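Since the structure is predicted, the reported quantities are computational estimates derived from the model, not experimental observations.
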Amino acid sequence: MRVQDMNWQMVEAYLQRDDRCVLPLGCTEQHATLSLATDSILAGRLSEEVAGPLGIPVFPTLPYGITPSFMAYPGTVTVRTATYVALLGDVLNSLHAHGFRRILIVNGHGGNAPGQGWLGEWLAAHPSARVQWHNWWNAPRTWKVVQKIDPLASHASWMENFPWTRLPGVTPPDERKAAVDLSRLKQLPPRDARALLGDGNFAGLHVRPDRDMHLIWQAALAETRDLLEHGWAP
């Protein structure tokens, strides 16, 4: 049920029986040894694996987000907060105009948080809509599994190192990186942030066994599926 595999007639027919859809949000930014599109890959794949069996449309992942601190890392693309909120508003307005009333946003990038804060304004102007903003990686049940496996986990560390975010021929370091001082990092301009972070991993190992990653992914699938099926307010 990916929208890119549908035509407008299929969407029109779907809306006669259901009003749910999924909108994945990603980013294009440094992820140490992992793909620059890690956030987009994870949000998109999770959305498709959850919504596909339920026959619910998944819209293309928004590939750009808010990530100014990483602009000293080539390949990173950031947008202004005002631009991001305006784009998100236009997308939601379009979905609402067509008849989607229950929209699950699967967000893969923490920097997109201003969109979550703004969402209340959009909902106030669209009282018939219900929108869930789901930060899949630190949602309660998924984060509990992450912490049980290894509490030292963060951006660009092992917890984002899935088979589908790795790059062929790239060998991650063996080091268990000490946690970066995030309060200091948030005060720094991009070049100084890069000097502090090095390769970009915030904390912990760069990779863990695939069996650990499977546990996290299964928890994320179950938690996201539960929201899509049962998380809607009356």
Problem set entry | Short side-chain donor-acceptor distance under 3.5 Å, W158 and N201 | no
For this session: Indicate whether any N or O donor in one side chain lies under 3.5 Å from an N or O acceptor in the other, for E223 and T142.
Result: yes
Exercise. Would L87 and L62 count as a side-chain contact (heavy atoms from CB on, under 4.5 Å) if you check the C-alpha gap in whole Å, the side-chain angles of each, and the deciding distance to 0.1 Å?
Worked result: CA-CA 10 Å; L87 176 58; L62 188 62; 3.6 Å; yes
For this session: Find out whether F100 and D19 are in side-chain contact, i.e. whether some heavy atom of one side chain is under 4.5 Å from a heavy atom of the other.
Result: no
For this session: Report yes or no: do N135 and W137 form a side-chain donor-acceptor pair below 3.5 Å?
Result: no
For this session: Please confirm whether the backbone N or O of M10 pairs with a side-chain atom of N7, one donor and one acceptor, at under 3.5 Å?
Result: yes
Problem set entry | Check: Q187 side chain, S183 main-chain N or O, donor-acceptor pair, under 3.5 Å | yes
Exercise. Given side chains that start at C-beta, do those of V106 and V22 come closer than 4.5 Å, heavy atoms only?
Worked result: yes
Problem set entry | Non-neighbouring partners of R184 that pass salt bridge (Lys or Arg N to Asp or Glu O under 4.0 Å), sequence neighbours left out | none
Exercise. Roughly how far, to the nearest 0.5 Å, is CD1 of I149 from NZ of K144?
Worked result: 13.0 Å
For this session: Work out which heavy atom in A129 is nearest to a heavy atom in W122; give both atom names and the distance.
Result: CB-CZ3, 3.7 Å
Exercise. Any luck finding a side-chain donor-acceptor pair between R208 and N161 under 3.5 Å?
Worked result: no
For this session: Determine whether W143 and L182 fall in the same hydrophobic cluster, where Ile, Leu, Val, Met, Phe, Trp and Tyr are linked whenever their side-chain heavy atoms lie under 4.5 Å apart.
Result: no
Problem set entry | N/O donor-acceptor pair under 3.5 Å between R191 side chain and L188 backbone | no
Problem set entry | Pairing of D212 and K148 as salt bridge, 4.0 angstrom limit | no
Exercise. What distance do L152 atom CG and D150 atom CG have between them, rounded to the nearest 0.5 Å?
Worked result: 6.0 Å
Exercise. Which pair of heavy atoms, one from P172 and one from T33, lies closest together, and at what distance?
Worked result: CB-OG1, 3.9 Å
Exercise. Is the backbone of A156 close enough, under 3.5 Å, to the side chain of E160 for a donor and an acceptor to pair up by distance?
Worked result: yes
For this session: Check whether any side-chain heavy atom of S154 lies under 4.5 Å from a side-chain heavy atom of M159, and answer yes or no.
Result: no
Problem set entry | More than 12 heavy atoms of other groups within 6.0 Å of D181 CG | yes
Problem set entry | Residue pair S35 / I41, side-chain heavy-atom distance below 4.5 Å | yes
Problem set entry | Any donor-acceptor N/O pair, T28 side chain to P63 backbone, under 3.5 Å | yes
Exercise. So do the side chains of W136 and L42 get within less than 4.5 Å of each other, counting heavy atoms only?
Worked result: yes
For this session: Give me the ring orientation class for F202 and H155: parallel if the planes are under 30° apart, tilted from 30 to 60°, perpendicular past 60°.
Result: tilted
Problem set entry | Joint cluster assignment, L167 & W164, ILVMFWY side-chain distance < 4.5 Å | no
Exercise. So H98 and L15, side-chain contact (heavy atoms from CB on, under 4.5 Å) or not? Walk me through it.
Worked result: CA-CA 8 Å; H98 295 311; L15 284 165; 4.3 Å; yes
Exercise. What are the two closest non-hydrogen atoms of A203 and A179, and how far apart are they?
Worked result: CB-CA, 3.6 Å
Exercise. Short question: side chain of R101, backbone of H96 - any donor-acceptor pair under 3.5 Å?
Worked result: yes
For this session: Measure from the side-chain N and O atoms of T165 to the backbone N and O of F162, and report whether any donor-acceptor pair falls under 3.5 Å.
Result: yes
Problem set entry | Shortest non-hydrogen contact between G198 and Y73, atoms and distance | O-OH, 2.8 Å
Exercise. Between Q30 and T76, does a side-chain contact (heavy atoms from CB on, under 4.5 Å) hold up when you go through it step by step?
Worked result: CA-CA 6 Å; Q30 72 82 10; T76 295; 4.1 Å; yes
For this session: May I ask you to decide if L197's main-chain N or O and K177's side chain share a donor-acceptor pair within less than 3.5 Å?
Result: yes
Exercise. Quick one: CZ on R141 to OG1 on T224, what's the gap to the nearest 0.5 Å?
Worked result: 8.5 Å
Seminar exercise, completed: When rounded to the nearest 0.5 Å, the distance separating CD1 of I103 from NE2 of H126 is 9.0 Å
Exercise. Does a side-chain heavy-atom distance below 4.5 Å link L119 with Q116?
Worked result: no
Problem set entry | Which residues share a side chain to side chain donor-acceptor pair (under 3.5 Å) with T171, sequence neighbours left out | none
For this session: Would you name the heavy atoms of N112 and G26 that are closest together and state the gap between them?
Result: ND2-O, 3.2 Å
Table please: side-chain donor-acceptor pairs of residues 225-234 below 3.5 Å, with sequence neighbours left out.
{"unit_1": "W232", "atom_1": "NE1", "unit_2": "L228", "atom_2": "O", "d": "2.8"}

Which donor-acceptor pairs under 3.5 Å do the side chains of residues 64-71 make with protein atoms, sequence neighbours left out?
{"unit_1": "T67", "atom_1": "OG1", "unit_2": "E29", "atom_2": "OE1", "d": "2.6"}

Exercise. Of the non-hydrogen atoms in R20 and P57, which two are nearest, and what is the gap between them?
Worked result: O-CD, 3.7 Å
Exercise. Are V3 and L88 connected in a single hydrophobic cluster, I mean Ile/Leu/Val/Met/Phe/Trp/Tyr linked by side-chain heavy atoms less than 4.5 Å apart?
Worked result: yes
Exercise. Could you go step by step and tell me if F59 and R2 meet the side-chain contact (heavy atoms from CB on, under 4.5 Å) rule?
Worked result: CA-CA 6 Å; F59 280 82; R2 300 187 308 168; over 6 Å; no
For this session: For salt bridge (Lys or Arg N to Asp or Glu O under 4.0 Å), just list the numbers for D199 and R194, CA-CA rounded to whole Å, side-chain angles, deciding distance to a tenth of an Å, and then say yes or no.
Result: CA-CA 8 Å; D199 72 354; R194 175 172 167 171; over 6 Å; no
Seminar exercise, completed: For residues 36-62, the side chain to side chain donor-acceptor pair (under 3.5 Å) pairs (sequence neighbours left out) are H31-D39, D39-H109, R45-E49, E49-W217
Seminar exercise, completed: Students should find that the hydrophobic cluster of L36, defined by side-chain heavy atoms under 4.5 Å apart, otherwise consists of none
For this session: Can you measure from CG (L95) to CG (D90) and round to the nearest 0.5 angstrom?
Result: 11.0 Å
Exercise. With hydrophobic residues grouped by side-chain heavy-atom distances under 4.5 Å, do M213 and L221 end up in a single group?
Worked result: yes
Problem set entry | Contact check, side chains of D210 and P163, non-hydrogen atoms, under 4.5 Å | yes
For this session: Step through the shown structure and confirm whether more than 12 heavy atoms of other residues, nucleotides or ligands are within 6.0 Å of CZ on R80.
Result: no
Exercise. Cluster question for you: counting only ILVMFWY and a side-chain heavy-atom cut-off of under 4.5 Å, with indirect links fine, are L34 and V207 together?
Worked result: no
Exercise. Is there side-chain contact between L104 and C21, with at least one heavy-atom pair below 4.5 Å?
Worked result: no
